[in-house]
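This one's a predicted model, so the numbers in the text were calculated from it and none came from an experiment.
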Amino acid sequence: QVQLVESGGGQVQSGEFLRLSCTVSGNLERGYCLAWFRQIPGEEREGVAAIGKDGDTHYADSVKGRFTISRGGSENTVYLEMNSLKPEDTAMYYCAAGGRRRLLLEWNYDIWGQGTQVTVSS
């Protein structure tokens, strides 16, 4: 079974930096897309960034120019580098795998991690 484990969340001040990591274990089908989503309690899950099998990326407008998604060379990790963090970035961040297309839509992904909390104070 494929499992995703996120790490790297924490509590930071506005303008600071965090790097989230997602470790993929198990036999994940080749050609998958990976993504990061975030969710505030009581609200719908929001797509943040996605990366395709060839390294092409797509970002939500709210994070363009600040966040960077990348894949590890071993193909078993995905990262989200978050620069210039804002209080509105505060959320539980989830790694998603099994994407059929490079889309920031929840239905496109079949496998989810447990989440890592990011809290940004002003």
Pairs involving residues 87-97, ordered by first then second residue, that meet side chain to side chain donor-acceptor pair (under 3.5 Å) (sequence neighbours left out)
Arg38-Asp89, Arg38-Tyr93, Arg66-Asp89
Give, for atom CD of Glu6 and atom CH2 of Trp112, the distance between the pair rounded to the nearest 0.5 Å.
10.0 Å
side-chain hydrogen bond (donor to acceptor under 3.5 Å, both in side chains) with Arg102: of Asp56, Asn108, Thr57, only one passes, and it is Asp56
Report the distance from atom CD of Gln1 to atom OG of Ser25, rounding to the nearest 0.5 Å.
10.0 Å
State, with a plain yes or no, whether a side-chain heavy atom of Phe67 is found less than 4.5 Å away from one of Leu85.
yes
On a heavy-atom basis, which atom in Ala49 and which in Leu80 lie closest, and how many Å separate them?
CB-CD1, 4.1 Å
Atom pair OG1/CD of Thr119 and Gln13 - distance to nearest 0.5 Å
11.5 Å
Heavy-atom distance under 4.5 Å between the side chains of Asp110 and Arg100, does that happen here?
yes
For Leu34 and Cys22, what are the C-alpha separation, side-chain angles and deciding distance, and is it a side-chain contact (heavy atoms from CB on, under 4.5 Å)?
CA-CA 10 Å; Leu34 296 167; Cys22 175; over 6 Å; no
Give the C-alpha distance, both sets of side-chain angles, the deciding distance and a yes or no for side-chain contact (heavy atoms from CB on, under 4.5 Å) between Leu104 and Trp36.
CA-CA 8 Å; Leu104 293 177; Trp36 287 94; over 6 Å; no
In chain order, what residues pass the side-chain hydrogen bond (donor to acceptor under 3.5 Å, both in side chains) check against Glu81, with sequence neighbours excluded?
Arg19
Using the rule given for side-chain contact (heavy atoms from CB on, under 4.5 Å), can you reason through Ser7 versus Thr116, listing the C-alpha separation, both sets of side-chain angles and the distance that settles it, and then say yes or no?
CA-CA 6 Å; Ser7 63; Thr116 184; 5.6 Å; no
Shortest non-hydrogen pair, Ala50 vs Leu103, comes out as CB-O, 4.1 Å
Got a second to check how far Phe37's CZ is from Glu46's CD, nearest 0.5 Å?
9.5 Å
Separation between CD (Glu16) and OG (Ser84), nearest 0.5 Å, reads 11.0 Å
Interatomic spacing from NZ in Lys53 to SG in Cys33 - rounded to 0.5 Å
8.0 Å
